[in-house]
Amino acid sequence: MLKQHLQFKLSQKLSPQQIQLMKLIQLPTQAFEQRLKQELEENPALETGKDEVDTQQDEFDDLYDNETDSESISAEDINIDDYLSDDEIPDYRTQANNYSSDDEEKNVPYAAGISFNQYLINQLNTVYLTDEEWSIAEFLVGSVDESGYIRRPLTDIMDDLAFTQNIYTDEKTIEKVLHRVQDLDPAGVAARTLEECLLLQLKRKEVTPGIELAIQLLEKSFEQFTKKHYQKLIQKHNITEEQLKAAIAEIERLNPKPGGSYSGNNRIVEHVVPDFSIRIVDGELELTLNGRNAPELHVSREYNNMLEGYKNSKEKSKSQKDTVMFIKQKLDAAKWFIDAIRQRQQTLYITMNEIMEYQKEYFLTGDERKLRPMILKDIADGIGMDVSTVSRVANSKYVDTPYGTKLIKDYFSESMKNDQGEDVSTKEIKKILETVIGEETKKKPLTDDKLAAILKEKGYPIARRTVAKYREQLDIPVARLRKQI
């Protein structure tokens, strides 16, 4: 019922500009600047810098009240959460100085790797696709996780394309485009399973007997291979132990996490500009939104004069009317874009401020042990916005703190209680689990039961199945597969 309601609401109300608002909120500072540059190039009615004509938009609105039935976009039409949930959003007010326009703030680079998704998009620009295929491919790239996988079913992606992009397509078309995305580098990217990831890599290699057998093993005996049932594989495929070793050697050279190739020293270095800054002033936290997110925009004086000329002319030819309708369209778009940027600033600031207050003890001290368990819903509930909106802010933005520049999503984690009945972050437990596994004897790896017992001794009484869940989230295989000869 909800899906039907959303589809109805989108088909009745959602415009391409309103879809762009959702995307604007998700953009980090540098990507936002590129988007701003694009808008300025495409719309001559939009200009940067201060302008003395404060009343020109009102004059424009008055001029067309009785001239046309064309619908213009007002601030009321662009509330982001109208398109994400049915919840009401309070009317927020932010401080006048909630962002900095200082030159110092504009030049706070943070050395980091180029986003993996952006790396894929850059490649996608060289692939010939129709407009619809491009939109689908861009969405698929946006669905690729840090390990390089697309873990969501194509049916879900199909629904999201309809609800957020106004693209109504089918699974067959999406799968066809997916294969084009899977041709991008690194080999194995955009796979839906480990099996598909490894096969994509093998099929790009020069064919040898070892490669051929490796492909057969993965296609026909993947489960037996992952369980290391080597004798069964030898019998089933009628091969020798040496042939099996050669095939296994080929598979072991593959990368099970193609996205992971772009971490650490292998990342393509660029400057990531923090979207926010947190400072301690007289013992209190002070949040600023990077001034590059708050450009000074106004409607073109020249375009306003054109409208004035039309308004004052006695005879209005068809050519003049056509021209002025074009001008009106551009001015409507400029007005919408200015409103959308204001809403973006407001949404970013409100969300980050709530995160800062929620983690106040940490930001005042820098002590990671004081990081509170925090999930998206905690912040969404605190500010009355949708979880999807908080996710858009958290997943792609950086904050500059006295303790370094961090990706905001890294502050989120679930919680559990320790043996003292205190809430502790699952992030803390995962770190301990990772350390314990890293120090185990590889000839006799620790089972999940033993790991649970060790964690209990350390004051974290969690069940074996929870240990298994955390281990999987850390992409650490079961004990049997960690065993080394």
Item to check | Non-hydrogen side-chain atoms of Leu24 and Phe337 separated by less than 4.5 Å | outcome: yes

Checklist entry - Does any donor atom in the side chain of Ser221 or Lys236 lie under 3.5 Å from an acceptor atom in the other side chain? => result yes

Next on the checklist: Tell me whether Thr365 contacts the main-chain N or O of Glu361 through its side chain, where contact means a donor paired with an acceptor under 3.5 Å.
Outcome noted: yes

Next on the checklist: With side-chain contact (heavy atoms from CB on, under 4.5 Å) as the criterion, how do Lys406 and Tyr398 come out once you've worked through the C-alpha distance, each side chain's angles and the decisive distance to 0.1 Å?
Outcome noted: CA-CA 5 Å; Lys406 306 286 181 70; Tyr398 287 85; 6.0 Å; no

Item to check | Six-ring centre of Phe32, Arg344 cation under 6.0 angstrom, axis tolerance 45° | outcome: yes

Checklist entry - Between Asp275 and Arg292, does a salt bridge (Lys or Arg N to Asp or Glu O under 4.0 Å) hold up when you go through it step by step? => result CA-CA 8 Å; Asp275 306 273; Arg292 291 161 67 166; over 6 Å; no

Item to check | Short N-O contact, Glu219 and Lys203, less than 4.0 angstrom | outcome: yes

Next on the checklist: Quick one, Arg152 and Asp160 - any side-chain contact, counting heavy atoms below 4.5 Å?
Outcome noted: yes

Checklist entry - Ile280 versus Glu286: any side-chain heavy-atom pair under 4.5 Å? => result no

Item to check | Residues Glu434 and Lys430 bridged, charged N to O under 4.0 Å | outcome: no

Next on the checklist: With a 4.0 Å cut-off on N to O distance, would you call Glu33 and Lys37 a salt bridge?
Outcome noted: no

Checklist entry - Between Ser388 and Asp386, do the side chains contain an N or O donor and an N or O acceptor separated by less than 3.5 Å? => result yes

Checklist entry - Can you name the closest pair of heavy atoms from Leu200 and Gly188 and give their distance? => result CB-CA, 3.9 Å

Checklist entry - Any Lys/Arg nitrogen of Glu440 or Lys450 sitting under 4.0 Å from an Asp/Glu carboxylate oxygen of the other? => result no

Next on the checklist: Could you check whether Glu250 pairs with Arg253 (Lys NZ or Arg NE/NH1/NH2 to Asp/Glu carboxylate O, under 4.0 Å)?
Outcome noted: yes

Checklist entry - Looking only at side chains, do Gln38 and Glu42 share a donor and an acceptor under 3.5 Å apart? => result yes

Checklist entry - With side chains defined as the heavy atoms from C-beta onward, is the minimum distance between Gln243 and His237 less than 4.5 Å? => result no

Item to check | Stepwise side-chain contact (heavy atoms from CB on, under 4.5 Å) test for Ile379 and Met374 | outcome: CA-CA 8 Å; Ile379 301 305; Met374 178 176 72; 3.7 Å; yes

Item to check | Side-chain heavy-atom pair Leu120, Val181 within 4.5 angstrom cut-off | outcome: no

Checklist outcome for this item: Taken in chain and number order and not counting sequence neighbours, the residues that satisfy side-chain contact (heavy atoms from CB on, under 4.5 Å) with Met356 are Ile278, Leu285, Leu287, Asn353, Phe363

Checklist entry - Got more than 12 heavy atoms from elsewhere within 6.0 Å of CD, Gln231? => result no

Checklist entry - Is any side-chain heavy atom of Gln345 less than 4.5 Å from a side-chain heavy atom of Ile341? => result yes

Checklist entry - Would Leu451 and Ile437 satisfy side-chain contact (heavy atoms from CB on, under 4.5 Å), going step by step from the backbone distance to the final call? => result CA-CA 8 Å; Leu451 288 169; Ile437 291 174; 3.8 Å; yes

Item to check | Sidechain N-carboxylate O distance under 4.0 Å for Glu175, Arg180 | outcome: no

Checklist outcome for this item: Sorted by chain and number, sequence neighbours left out, ring pair (Phe, Tyr, Trp, His ring centres under 6.0 Å) with Tyr362 holds for Tyr403, Tyr411

Item to check | Donor-acceptor pair, side chain of Gln123 and main chain of Asp185, under 3.5 angstrom | outcome: yes

Checklist entry - Taking atom types as modelled and ignoring hydrogens, do the side chains of Thr29 and Asn290 form a donor-acceptor contact shorter than 3.5 angstrom? => result no

Checklist entry - Just wondering, do Thr169 and Leu161 contact through their side chains at under 4.5 Å, heavy atoms? => result yes

Next on the checklist: Could you check whether any side-chain heavy atom of Val144 comes within less than 4.5 Å of a side-chain heavy atom of Tyr149, counting everything from C-beta outward?
Outcome noted: no

